[in-house]
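Next up is a structure, given as structure tokens.
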Amino acid sequence: MIENIGQFLSNYGYITVFIGTFLEGELFLLVAGFFVKHGFLSPIPTVVFSILGALSHELMYFFIGKWKGRHFLLGNKYTKRKYIKAKKLVEKYGTLSIFLVRFIYGMRIVSMTLLGATGYNMYKFIFFNIISLIIWSVFFLFIGYIFGHIATLIFGEVRNYFLLAGIIVILLGFLLYIFKKERRE
């Protein structure tokens with residue numbers, strides 16, 4: 001079992017980190033930090049691939065916002081008022097909002113689309129987004145690393161519990177998905 005996980009991570013670990021941070025983010029970084037602690041992943045490539053995955057995701061929504069976001073937001077009176085108000089806020093707090101939104105769960109898609117729709121400078125967006133992604137990825141990888149260390153202190157050799165840990169992570173991810181879905185409705 002452990003050999004299979006080790007083989008999978010040595011072959012596909014960084015691609016998995018890229019896809020995981022593209023789709024979700026924090027949960028995958030916590031798991032990746034756990035695997036960094038136990039030597040299955042190296043820290044620097046894990047940070048790089050997590051940044052690339054999240055950046056790809058956010059650029060996609062930024063460009064969707066540039067492409068159709070403004071048209072959609074100006075399409076009716078309610079969203080037009082919100083768009084004008086949001087544009088003023090982005091103009092006033094734009095760079096800071098990139099950093100703040102990074103740590104507010106479930107807000108990145110909306111804010112990245114809005115930044116694109118309000119005409120926020122693309123190069124400025126990329127620059128400050130990369131800086132915030134570095135802080136974000138190191139922070140959550142470190143928490144996962146600490147979790148791996150604590151698990152080792154409590155359970156001893158954690159590698160014997162990877163199947164149980166995997167099931168727990170999948171269940172937590174599923175519960176998080178359900179929670180997010182219910183909050184949107």
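Nothing fancy with the numbering, it's 1 onward along the sequence. Side-chain atoms are counted along with the backbone in the values below, which use heavy atoms only and exclude waters and symmetry mates.
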Quick one: side chains of residues 136-149, donor-acceptor pairs under 3.5 Å with protein atoms, not counting sequence neighbours, listed by atom name and distance.
residue: Trp136; atom: NE1; partner: Glu26; partner atom: OE2; Å: 3.2
residue: Ser137; atom: OG; partner: Leu133; partner atom: O; Å: 3.0
residue: Ser137; atom: OG; partner: Ile134; partner atom: O; Å: 3.2

Is Ser132 close to Asn129 at the side-chain level, that is, under 4.5 Å between some pair of heavy atoms? yes
First locate atom CD1 of Ile131, then atom CZ of Phe99, and finally report the distance between them rounded to the nearest 0.5 Å. 5.0 Å
Selection residues 114-128 - residue pairs positive for salt bridge (Lys or Arg N to Asp or Glu O under 4.0 Å), sequence neighbours left out: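 Salt bridge (Lys or Arg N to Asp or Glu O under 4.0 Å) check on residues 114-128 returns no pairs.
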Rounded to the nearest 0.5 Å, what separates atom CD1 in Ile51 from atom OG1 in Thr21?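 One finds 9.5 Å between CD1 of Ile51 and OG1 of Thr21.
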d(Phe28 CZ, Phe35 CZ) to nearest 0.5 Å is 10.5 Å
Could you state the interatomic distance from CH2 (Trp67) to CD1 (Ile64), rounded to the nearest 0.5 Å? 7.5 Å
Sequence neighbours left out, what passes ring pair (Phe, Tyr, Trp, His ring centres under 6.0 Å) with Phe125? Give chain and number order.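 Result, ring pair (Phe, Tyr, Trp, His ring centres under 6.0 Å) vs Phe125: Phe62.
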Does any pair with a residue in residues 44-56 pass side chain to side chain donor-acceptor pair (under 3.5 Å), and if so which ones, sequence neighbours excluded? none
For Phe63, what residues pass the side chain to side chain contact (heavy atoms under 4.5 Å, CB included) criterion, not counting sequence neighbours? Leu59, Lys66, Met122
Enter the distance from Leu41:CG to Phe34:CZ here, rounded to the nearest 0.5 Å. 11.5 Å
Ring pair (Phe, Tyr, Trp, His ring centres under 6.0 Å) partners of Phe128, counting only residues at least two apart: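 Result, ring pair (Phe, Tyr, Trp, His ring centres under 6.0 Å) vs Phe128: none returned.
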For Tyr14 and Pro45, which heavy atoms make the closest approach, and how far apart are they?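 That would be CE2-CB, 3.6 Å.
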Within the 4.5 Å heavy-atom criterion, are Thr95 and Phe127 side-chain neighbours or not?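 With C-beta onward as the side chain, the pair stays apart.
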